[in-house]
Q: 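Here it is, the structure, as structure tokens.
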Amino acid sequence: MRFFSSKKKPAGTNDLMKTTNEKSRAVFHELKVKDIRRQTDECVSVAFDLPDNLHQDYRFFPGQYLTLRTNINGEDVRRSYSICSCPFEEDLRVAIKKLDGGVFSTFANEELKVGDVLKVMTPEGNFHTPISEQNKKQYVAFAAGSGITPIMSIMKTVLRNEPNSTFSLFFGNRTSNSIIFRDEIDELKNVYMNRLEVHHILSREDQGSDFTRGHIDGVKVEAFSRSFFNPADVDEFLICGPEDMIRNIDESLKSLGVSKEKIHFELFTTSTEVVGQKQKAKSSGETSGNVSKITVLLDGEETHFDLAYDGKSVVDAAMDAGADVPFSCKGAVCCTCRARVIEGEVEMDMNYALEPEEVEDGYILTCQTHPRSPTVKISYDE
Ligand code: FES
């Protein structure tokens with residue numbers, strides 16, 4: 001079966017691109033590994049076979065990610081990885097960079113084989129902008145290391161589906177050998193010569209210019225803006241990399257007059273510093289010793305359990321009670337555990353994934369949620 005087809009459908013009308021109002025609850029399906037490609041010494045990309053009956057479920061926006069799940073040494077491990085292919089290609093593919101001590105990433109880089117079966121969650125994530133053939137936009141992206149993955153998907157889609165848009169990529173790596181998708185990016189530069197500009201910034205290799213040496217930070221972004229783009233002319237800024245880099249660039253762009261609506265970033269992990277900025281949903285004072293009666297609604301079925309105000313998160317307690325609730329990062333980042341409070345009061349420890357309007361509408365990240373009233377009813381079905 002062909003999953004993606006670039007030849008049969010004209011740009012902008014590919015039915016594998018998720019439509020804006022397409023929303024469904026994330027669920028796992030077992031998918032067979034179709035291909036494993038070594039991208040660098042420390043990174044592989046993994047493609048999955050999609051049976052016809054699951055084709056629709058795995059439609060995605062460029063920039064979204066898949067959560068992979070498997071048993072490694074007796075432990076149920078799940079991790080999220082951004083999709084690096086785009087909706088018109090023939091692959092549903094993620095890139096997995098090996099991290100020091102990373103259980104899943106080491107397994108994927110060293111043990112995973114073609115034909116193995118993994119549990120793969122349907123695509124999730126909010127890191128994307130609407131793609132349209134009518135767009136005439138200027139995109140500027142800053143990526144570091146494996147942060148290129150979602151940007152690669154967006155960049156390929158924009159270049160192919162928006163013939164009047166331009167894309168500038170500033171890509172930070174240690175050395176030229178550690179550049180993920182180096183050949184593919186070079187090919188794109190050849191195909192889209194007049195619309196794609198790529199700047200490699202290397203921290204451990206001297207390319208003979210201050211512009212291209214070191215790490216991408218706010219100071220560099222200001223320097224880039226004097227030479228390569230006018231911030232006022234750029235329609236969308238995309239940032240993906242370590243949290244410090246994201247914060248630094250975000251501040252720098254704002255100081256250059258860029259409005260926050262134009263800045264999109266993908267945060268993979270959180271640091272303790274950011275934890276201090278936790279966003280509260282609703283709070284009602286004392287927590288110690290109180291217990292709440294929780295009802296969780298999932299696929300129309302109710303699960304009931306008691307939960308202490310200062311106990312586990314709703315998602316952990318719901319799993320203990322036997323509900324197969326969705327989650328991935330458990331760090332307030334990915335939004336997979338999103339649900340809505342139907343009744344009662346709750347409090348979230350952290351929130352980096354929900355928009356203020358969603359919180360206002362009662363949406364919560366259940367991996368961060370604790371009860372604050374005697375009864376609470378939460379629905380994953382809304
Ligand atoms: S599991 Fe990722 S935000 Fe809750």
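Counting convention: from 1, in listed order, for ligands and their atoms alike.
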Q: Got a donor-acceptor contact below 3.5 angstrom from the Asp57 side chain to the Leu54 backbone?
A: no
Q: In a check of side chain to side chain contact (heavy atoms under 4.5 Å, CB included) between Met245 and each of Asp217, Ile239, Asp250, which one passes?
A: Ile239
Q: Below 4.0 angstrom from a heavy atom of Val333, which ligand 1 atoms are there? Numbered from 1 as shown, please.
A: 3 (S)
Q: Heavy atom under 4.0 Å from ligand 1: found in Thr366's side chain, backbone, both, or neither?
A: neither
Q: Do the ring planes of Phe228 and Phe170 sit parallel (below 30°), tilted (30 to 60°) or perpendicular (above 60°)?
A: tilted
Q: Atom 2 (Fe) of ligand 1 and Cys337: any N/O/S contact shorter than 2.8 Å?
A: no
Q: Hey, which atoms in ligand 1 end up nearer than 4.0 Å to a heavy atom of Lys330?
A: 1 (S), 2 (Fe)
Q: Is there a donor-acceptor pair closer than 3.5 Å between any side-chain N or O of Glu343 and the backbone N or O of Lys377?
A: no
Q: I'd like to know: is atom 4 (Fe) of ligand 1 within the 2.8 Å range of an N/O/S atom from Cys335, strictly under that distance?
A: no
Q: Using a strict 4.0 Å cut-off to heavy atoms of Ala332, name the atoms of ligand 1 that fall inside it.
A: 3 (S)
Q: Rounded to 10°, how big is the angle at atom 2 (Fe) of ligand 1 from Cys334 SG to Cys329 SG?
A: 100°
Q: Do any N/O/S atoms of Cys367 come under 2.8 Å of atom 4 (Fe) of ligand 1?
A: yes
Q: If only atom types and distance count, is the side chain of Asp116 paired as donor or acceptor with the main-chain N or O of Leu112 below 3.5 Å?
A: no
Q: Check for me, please, whether Tyr65 and Phe327 land in the same ILVMFWY cluster - side-chain distances under 4.5 Å, paths through other members count.
A: no
